[in-house]
Amino acid sequence: MTSSDQTDNDFQDLYENAPCGYLSLGADGRIVRVNTTLCNWLGRTPDALIGKRLRDLLNVAGSIFYETHFAPLLRMQGFFEEVALDLVMQDGTTMPVLANAAERRLEEAVLTRVTLFRAPQRRRYERELGEARRQLEERNAGLESKVTDAVELQALSERNAELREQFIAVLGHDLRNPLAGLSGGTKMLAQIHADPKSVRILRLMNESIARMSGLTENLMDFARGRLGGGIGIQRTTGVRIEPLLAQVVNEMKAGYPERDIQMRFDLSQPVDVDHARLAQMFSNLLGNAITHGSDEQPVVVEARMDDGEFELSVANGGEPIPQAALDRLFQPFYRGEVRPSAQGLGLGLYIASQIAQAHHGRIDVTSDEIETKFVFRMPMVKGLGIS
């Protein structure tokens with residue numbers, strides 16, 4: 001057996017026995033290929049599934065919702081993500097899944113690839129969380145007029161907070177574990193196969209895994225900020241931050257070698273910050289500038305001390321941001337006008353603002369015909385900035 005044949009066999013095994021279900025739909029919407037994992041979940045053979053439509057695998061409510069909402073969405077934009085569906089198994093029971101779909105346009109046909117992840121724990125905790133919220137709202141409505149017992153109110157609030165934290169933990173577990181499995185699999189394959197075809201495919205897989213991991217971390221940070229006590233930080237004292245900022249810039253340059261990123265640092269002393277969180281915030285601001293800024297103009301990064309404050313700014317040229325968009329930039333899930341290649345949840349700037357607040361700072365933005373500039377300002381007072 002040649003190395004090429006072995007590689008093909010490995011990727012075939014990875015497809016058939018992946019920790020998620022795969023199926024492919026032809027131009028007429030019928031299943032043309034399905035992997036072994038999905039067949040085992042449903043208790044059916046490939047022959048029993050090939051030729052059916054995806055709606056045939058769903059319960060009645062799911063089939064109607066799919067045809068009226070997600071199928072048109074797929075036809076219009078060519079993909080959908082994180083769609084909750086219920087698959088009907090051979091014994092008539094249902095299995096909750098999260099579905100992602102993307103079209104692949106060939107020369108003479110359109111092929112739609114669908115990935116399915118099992119999500120029973122997540123769905124159960126979503127139901128429990130919804131029920132807890134409903135009960136809390138009902139009890140609060142009655143307590144407002146009848147109950148003045150602060151102890152009972154505190155107990156209800158703590159119970160609701162506990163359920164929220166459980167939901168966040170389960171969500172993170174459900175999303176991180178499949179990613180960890182995929183990441184481990186690609187590392188093992190990279191050690192075995194070094195031919196150009198395998199290297200190229202593994203690189204693409206790792207890029208997708210890295211993007212999904214970033215989205216998962218953003219979602220977890222959003223949950224902490226909205227449902228918990230905010231994003232926590234751990235300041236490091238007495239350490240210069242210039243190398244950290246330069247590292248983020250160099251990593252961004254590696255991903256966008258054609259872009260000109262200029263650094264101007266004027267810091268006279270260390271700044272007490274959470275280095276990991278500052279790097280995350282800075283990376284979000286820098287990535288935003290590269291995504292939305294002009295390709296012909298440089299992105300300028302400055303870090304300095306000014307009137308008792310530490311300032312970190314990112315500026316880019318290009319079209320100014322409309323005032324209506326400026327008012328909503330730091331709201332979660334707001335993406336504004338983005339390029340077709342830009343993908344994300346619209347959480348980057350929201351999380352950046354939460355990290356700034358955790359440092360007792362803020363992010364200001366100005367935008368005109370000359371430049372768009374984001375500035376993080378943090379007070380340099382004892383206990384907050386410099387010890």
Please evaluate residues C39 and L49 with respect to the criterion side chain to side chain contact (heavy atoms under 4.5 Å, CB included), reporting the C-alpha separation (whole Å), side-chain torsions for both, the decisive distance (0.1 Å), and the verdict. CA-CA 8 Å; C39 292; L49 297 177; 3.9 Å; yes

Give the C-alpha distance, both sets of side-chain angles, the deciding distance and a yes or no for side chain to side chain contact (heavy atoms under 4.5 Å, CB included) between L267 and M305. CA-CA 6 Å; L267 300 173; M305 309 290 187; 4.0 Å; yes

Show your working on side chain to side chain contact (heavy atoms under 4.5 Å, CB included) between I241 and F265 and close with a plain yes or no. CA-CA 10 Å; I241 66 170; F265 299 157; over 6 Å; no

Could you go step by step and tell me if V301 and L245 meet the side chain to side chain contact (heavy atoms under 4.5 Å, CB included) rule? CA-CA 9 Å; V301 175; L245 300 177; 5.8 Å; no

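Neither side chain, N284 nor Q280, offers a donor N or O lying under 3.5 Å from an acceptor on the other.
Closest approach of F310 and A303 over heavy atoms only: CE1-CB, 4.3 Å. The shortest heavy-atom contact between A101 and V114 is CB-CG2, 4.0 Å. D272 approaches M378 most closely through the heavy-atom pair O-CE, 4.0 Å. A pairwise comparison of heavy atoms in C20 and N35 identifies O-ND2, 3.2 Å as the closest pair. Of all heavy-atom pairs spanning L98 and A84, the tightest one is CD2-CA, 4.0 Å. The heavy-atom pair separating L286 from I261 by the smallest distance is CD1-CG2, 4.3 Å.
Proximity of a side-chain donor or acceptor of S367 to a complementary backbone N or O of K373 within less than 3.5 Å is not detected. A distance-only check finds a donor-acceptor pair linking the side chain of S353 to the backbone of Y350 [under 3.5 Å]. Put simply, the side chain of D368 gets close to the backbone of E371: a donor and an acceptor are under 3.5 Å apart. The closest donor-acceptor contact from the side chain of D327 to the backbone of A324 lies at 3.5 Å or more, if one exists at all. Although no hydrogens or angles enter the test, the distance criterion places no donor-acceptor pair under 3.5 Å between the side chain of N100 and the main chain of F117. For R55 (side chain) and E67 (main-chain N/O), no donor-acceptor pair under 3.5 Å exists by modelled atom type. The backbone N or O of R235 sits nowhere less than 3.5 Å from a side-chain atom of H359 that would complete a donor-acceptor pair. S294 places no side-chain N or O within 3.5 Å of a backbone atom of G317 that could act as its donor or acceptor partner. In this structure a side-chain-to-backbone donor-acceptor pair under 3.5 Å is missing from R264 to R304. When atom types are taken as modelled, the side chain of E302 and the backbone of S313 share no donor-acceptor pair closer than 3.5 angstrom.
Here CD of E242 is found 13.5 Å from CD of Q247. Values are rounded to the nearest 0.5 Å. Distance CZ/R30 to CD1/I50: 13.0 Å, rounded to 0.5 Å. A distance of 9.5 Å separates CG of L25 from CZ of R53, quoted to the nearest 0.5 Å. The structure places CG of D86 at 5.0 Å from OG1 of T94, a figure rounded to the nearest 0.5 Å. Distance check: T37 OG1 to L116 CG gives 10.5 Å after rounding to the nearest 0.5 Å. Here L326 contributes atom CG and T372 contributes atom OG1; the two are 8.0 Å apart, rounded to the nearest 0.5 Å.
Tested against F374, the residues D364, L312, I363 include a single side-chain contact (heavy atoms from CB on, under 4.5 Å) partner, I363. The side-chain contact (heavy atoms from CB on, under 4.5 Å) test with V299 singles out one residue from N288, D260, N316, and that residue is N316.
Remark: K52 NZ is loosely packed, at most 12 non-hydrogen atoms of other residues, nucleotides or ligands lying under 6.0 Å away. Within a 6.0 Å radius of CD in Q12, more than 12 heavy atoms belonging to other residues, nucleotides or ligands are found. Other residues, nucleotides and ligands place no more than 12 heavy atoms under 6.0 Å from the CD1 atom of I370. For CG of D91, the number of neighbouring non-hydrogen atoms (other residues, nucleotides, ligands) closer than 6.0 Å is greater than 12. Taking a 6.0 Å sphere around CZ of R240, one finds it holds more than 12 heavy atoms contributed by other residues, nucleotides or ligands. Atom OH of Y256 is surrounded by 12 or fewer heavy atoms from other residues, nucleotides or ligands within 6.0 Å. Annotation: R113, atom CZ; neighbour count of heavy atoms from other residues, nucleotides and ligands within 6.0 Å does not exceed 12. Around atom CE of M188, no more than 12 heavy atoms belonging to other residues, nucleotides or ligands sit under 6.0 Å away.
Side-chain heavy atoms closer than 4.5 Å link hydrophobic residues (I, L, V, M, F, W, Y) into clusters, and following such links, even through other members, never connects V110 to V34. Neither Y22 nor L42 shares a network with the other; the hydrophobic side chains, linked directly or stepwise wherever heavy atoms of I, L, V, M, F, W or Y lie under 4.5 Å apart, form separate groups for each. The cluster map of Ile, Leu, Val, Met, Phe, Trp and Tyr, joined by side-chain heavy atoms under 4.5 Å apart, puts V248 and V300 in different clusters. Hydrophobic clustering of Ile, Leu, Val, Met, Phe, Trp and Tyr side chains at less than 4.5 Å, counting indirect connections, keeps V375 apart from I321. Under a hydrophobic clustering in which Ile, Leu, Val, Met, Phe, Trp and Tyr are joined whenever their side-chain heavy atoms come within less than 4.5 Å, directly or via other members, L58 and F80 fall into the same cluster.
Between V32 and L23, the closest side-chain pair of non-hydrogen atoms is not below 4.5 Å. Proximity of D295 to E258: side-chain heavy atoms (C-beta onward) are nowhere separated by under 4.5 Å. Contact annotation: the side chain of F282 approaches that of V314 to within less than 4.5 Å [non-hydrogen atoms, C-beta and beyond]. I31 places a side-chain heavy atom less than 4.5 Å from the side chain of L57. Residues F376 and L278 are in side-chain contact: their nearest non-hydrogen atoms beyond the backbone lie under 4.5 Å apart.
Annotation: cation-pi geometry satisfied between R33 and Y15 (NZ/CZ under 6.0 angstrom from ring centroid, within 45° of ring axis).
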